[in-house]
Amino acid sequence: MAKLANSMGRSTPRSNEGMRLIFSAVVGVMLGYLFGVSFPTVNITKLHFPSSIISYIEDRNSGITTQTLLNHAWASANRHKKNSSDSTSEKIPKIYVPTNPKGAERLPPGIVVSETDLYPRRLWGDPSEDLSSEPRYLVTFTVGISQKANIDAAVKKFSDKFTIMLFHYDGRTTEWDEFEWSKRAIHVSVRKQTKWWYAKRFLHPDVVARYDYIFIWDEDLGVEHFNAEAYIELVRKHGLDISQPGLQPDKGLTWQMTKRRGDQEVHKVTEERPGWCTDPHLPPCAAFVEIMATVFSRDAWRCVWHMIQNDLVHGWGLDFALRKCVEPAHEKIGVVDAQWIVHQAVPSLGNQGNAENGKAPWEGVRARCRKEWEIFQTRLADAEKAYYLSQGITPPNSTLV
């Protein structure tokens, strides 16, 4: 019994100590709650960090603690809230501007930058002093290293008024550094892709909005008789929104429309084989250029970009549909004869295909080109039919060629 009494005697102080801990915890929770509800609510967007704090973020050796930063931020926020409550008793409405670009409705219009550009910027200095010039035109080539010499000759036909952009379908970019102009060019490298794949992903209209004209060219073009700025002058003079240089008649020619004529600056209509043109104002006799060396105005490109299908990468059939993007198409689309090129017909990209079932790589590529043309025509016809029906209009027999 004595041992039991001693044991019970020792348990009493421990019980009292436990009660004190529980009581302290309860009081602490209550005080924390009261402190929390009395503390002012702070909108995180109102935390204005001074330049000294930004400097700290850049300098990890400053010795300032995170707690010091937060204390400073909370103090600034409280001062801001007090000043705001003193100046107005009404609640400030949230920003919502439906005329802003989609997704940016909650931003004040003055901060919205809906367009960008392809001008490289420095990592130092005053941003307003970054650009010594702002090119007005963009030229893109989809290239492989085997056409390096040809592209070098072509790029030299474009002045510093042009931004040069290379899309590398073979993944080889460093070999181009031997050219001085290549160090200023924009290089995008994704293996085994076409120029329309690149264009859809990297030439959004809001990205190229600074350029008056966009050249989207193949790599196998001879440019001995071509001058880019003279070409632009003729395009403006004749009001062409979609154009291409004339092609030398004796090589790489598919359509009569693209054949160079030596007796005029520009042509917009032609005569094709019997039965090919149901209307003299429709392709391939008018409102038509090929997709090998196309030049678009800024406004025309905004429409064409939206028409490019995300999964159809070769662009076959697109040249017959370009007329949808300008009006009147037979006047706004044409071939510039006075500035002409040679289509060398080098199947470099075609050789990027896979040899399957005993067929050469280019054969598989060509088969897909034809398939894509069929798909594109069907999609466009179906889309136009659906539109007319939605408007209560009987669709015409055909809106395509």
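Rounded to the nearest 0.5 Å, atoms CG (L322) and CG (D241) are 11.5 Å apart. Between the CG atom of L166 and the CD1 atom of I186 there is a distance of 9.5 Å, given to the nearest 0.5 Å. Here the OG1-CD1 distance, from T142 to I216, works out to 8.5 Å after rounding to the nearest 0.5 Å. Rounded to the nearest 0.5 Å, atoms CE (M292) and CD1 (I341) are 7.0 Å apart. Between C285 atom SG and E271 atom CD the span is 7.5 Å, to the nearest 0.5 Å. Residue E229 holds its CD atom at 11.0 Å from CD of Q339, rounded to the nearest 0.5 Å.
By the 6.0 Å contact criterion, OH on Y387 is open, its count of non-hydrogen atoms from other residues, nucleotides or ligands being 12 or less. Crowding of I111 atom CD1: a count of heavy atoms from other residues, nucleotides or ligands under 6.0 Å not exceeding 12. The environment of CZ in R106 is sparse: at most 12 heavy-atom neighbours from other residues, nucleotides or ligands sit within 6.0 Å. Counted within 6.0 Å of CZ on R191, heavy atoms from surrounding residues, nucleotides or ligands total 12 or fewer; the atom is thus considered open. Within a 6.0 Å sphere centred on NZ of K332, other residues, nucleotides and ligands contribute 12 heavy atoms or fewer.
A salt bridge links R368 with E372: at least one charged nitrogen is closer than 4.0 Å to a carboxylate oxygen. A salt bridge links D212 to R236: at least one charged side-chain nitrogen sits closer than 4.0 Å to a carboxylate oxygen. The pair K192-D170 does not meet the salt-bridge criterion, since no charged nitrogen lies less than 4.0 angstrom from a carboxylate oxygen. Electrostatic pairing of E175 and K148 does not count as a salt bridge here, judged by no charged N lying under 4.0 Å from a carboxylate O. For R261 and D337, the salt-bridge test fails: no basic side-chain N is under 4.0 Å from an acidic carboxylate O. Residues E134 and R210 are paired through a salt bridge, judged by an N-O separation under 4.0 Å between the basic side chain and the carboxylate. A salt bridge links D311 with R379: the closest approach of a Lys/Arg side-chain nitrogen to an acidic carboxylate oxygen falls below 4.0 angstrom.
Looking at R201, its side chain does come within 3.5 Å of a backbone N or O of W197 through a donor-acceptor pair. No donor-acceptor pair under 3.5 Å is formed between the side chain of Q147 and the backbone N or O of G144. At distances below 3.5 Å, at least one donor-acceptor pair connects side-chain atoms of D220 with backbone N or O atoms of V346. A distance-only check finds a donor-acceptor pair linking the side chain of H187 to the backbone of S182 [under 3.5 Å]. Remark: side-chain polar atoms of K200 are paired, donor with acceptor, to backbone N or O of I308 under 3.5 angstrom. Put simply, the side chain of S243 never gets that close to the backbone of L240: no donor and acceptor are under 3.5 Å apart. The closest donor-acceptor contact from the side chain of R302 to the backbone of H306 lies at 3.5 Å or more, if one exists at all. Without hydrogens or angle criteria, R323 side chain to A287 main chain gives no donor-acceptor distance under 3.5 Å. Not a single donor-acceptor pair under 3.5 Å links the side chain of Q244 to the backbone N or O of V295.
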Tell me, with the steps shown, if W196 and Y169 meet ring pair (Phe, Tyr, Trp, His ring centres under 6.0 Å). CA-CA 12 Å; W196 299 110; Y169 60 75; over 10 Å; no
Trace of the side chain to side chain contact (heavy atoms under 4.5 Å, CB included) decision for I164 with R184: CA-CA 8 Å; I164 306 298; R184 301 186 301 273; over 6 Å; no
Would D319 and V289 satisfy side chain to side chain contact (heavy atoms under 4.5 Å, CB included), going step by step from the backbone distance to the final call? CA-CA 6 Å; D319 36 18; V289 294; 5.8 Å; no
Kindly determine whether S297 and D299 satisfy side chain to side chain donor-acceptor pair (under 3.5 Å), including the steps that lead there. CA-CA 6 Å; S297 70; D299 291 340; 5.6 Å; no
Test log, rule side chain to side chain contact (heavy atoms under 4.5 Å, CB included), inputs Y211 and R298: CA-CA 7 Å; Y211 301 108; R298 180 195 300 112; over 6 Å; no
Residue pair E129, R122: steps toward the side chain to side chain contact (heavy atoms under 4.5 Å, CB included) verdict: CA-CA 9 Å; E129 300 174 354; R122 301 179 302 176; 3.9 Å; yes
Let's go through F141 and F167 carefully: what are the C-alpha distance in whole Å and the side-chain angles of both, what is the deciding distance for ring pair (Phe, Tyr, Trp, His ring centres under 6.0 Å) to 0.1 Å, and is it a yes or a no? CA-CA 6 Å; F141 294 96; F167 299 133; 10.0 Å; no
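In this structure, P249 and K259 have side chains that are in contact, with non-hydrogen atoms separated by less than 4.5 Å. Using a 4.5 Å heavy-atom threshold, the side chains of L380 and K324 count as touching. Using a 4.5 Å heavy-atom threshold, the side chains of R121 and L131 count as touching. Residues E105 and V97 have side chains not in contact (no heavy-atom distance under 4.5 Å, counting atoms from C-beta outward). Looking at heavy atoms from C-beta onward, T140 lies in side-chain contact with L138 at the 4.5 angstrom threshold. Contact check for V112 versus P101: side-chain heavy atoms found under the 4.5 Å cut-off. Put simply, the side chain of D117 does not reach to within 4.5 Å of the side chain of V207, judged on heavy atoms. The closest side-chain heavy-atom distance from V342 to L247 is not below 4.5 Å.
Geometrically, K195 does not engage W217 in a cation-pi contact, judged by NZ or CZ lying under 6.0 Å from the ring centre and within 45° of the ring axis.
With ring centers used as reference points, Y137 lies under 6.0 Å from F162. Residues Y231 and F226 place their aromatic rings such that the two centres sit under 6.0 Å apart. The ring of Y198 has its center no closer than 6.0 angstrom to the ring center of W305. Proximity of the aromatic rings of W301 and Y213 is defined here by a centroid distance below 6.0 angstrom, and this criterion is not met. The aromatic ring centres of F215 and F296 sit 6.0 Å or more apart. Aromatic rings of W316 and F376 (six-membered ring for Trp) have centroids beyond the 6.0 Å cut-off, not under it.
Of all the heavy atoms in V326 and A300, the pair that sits closest is CG1-CB, 4.1 Å. A pairwise comparison of heavy atoms in P280 and V269 identifies O-CG1, 4.4 Å as the closest pair. Here the closest non-hydrogen pair linking H267 and M257 is NE2-O, 2.6 Å. Nearest heavy atom pair, residue V304 against residue C325, reads N-SG, 3.5 Å. Considering every non-hydrogen atom in both E224 and K157, the closest pair reads O-NZ, 3.3 Å. Closest approach of L282 and C277 over heavy atoms only: O-SG, 4.4 Å.
Q344 and N150 form a side-chain donor-acceptor contact under 3.5 Å, judged by distance and modelled atom types alone. A donor-acceptor pair shorter than 3.5 Å cannot be found between the side chains of T394 and Y388. For the residue pair D152/W176, the side-chain donor-acceptor check at 3.5 Å is not satisfied. In the model, H343 has no side-chain atom that pairs as donor or acceptor with a side-chain atom of T254 under 3.5 Å.
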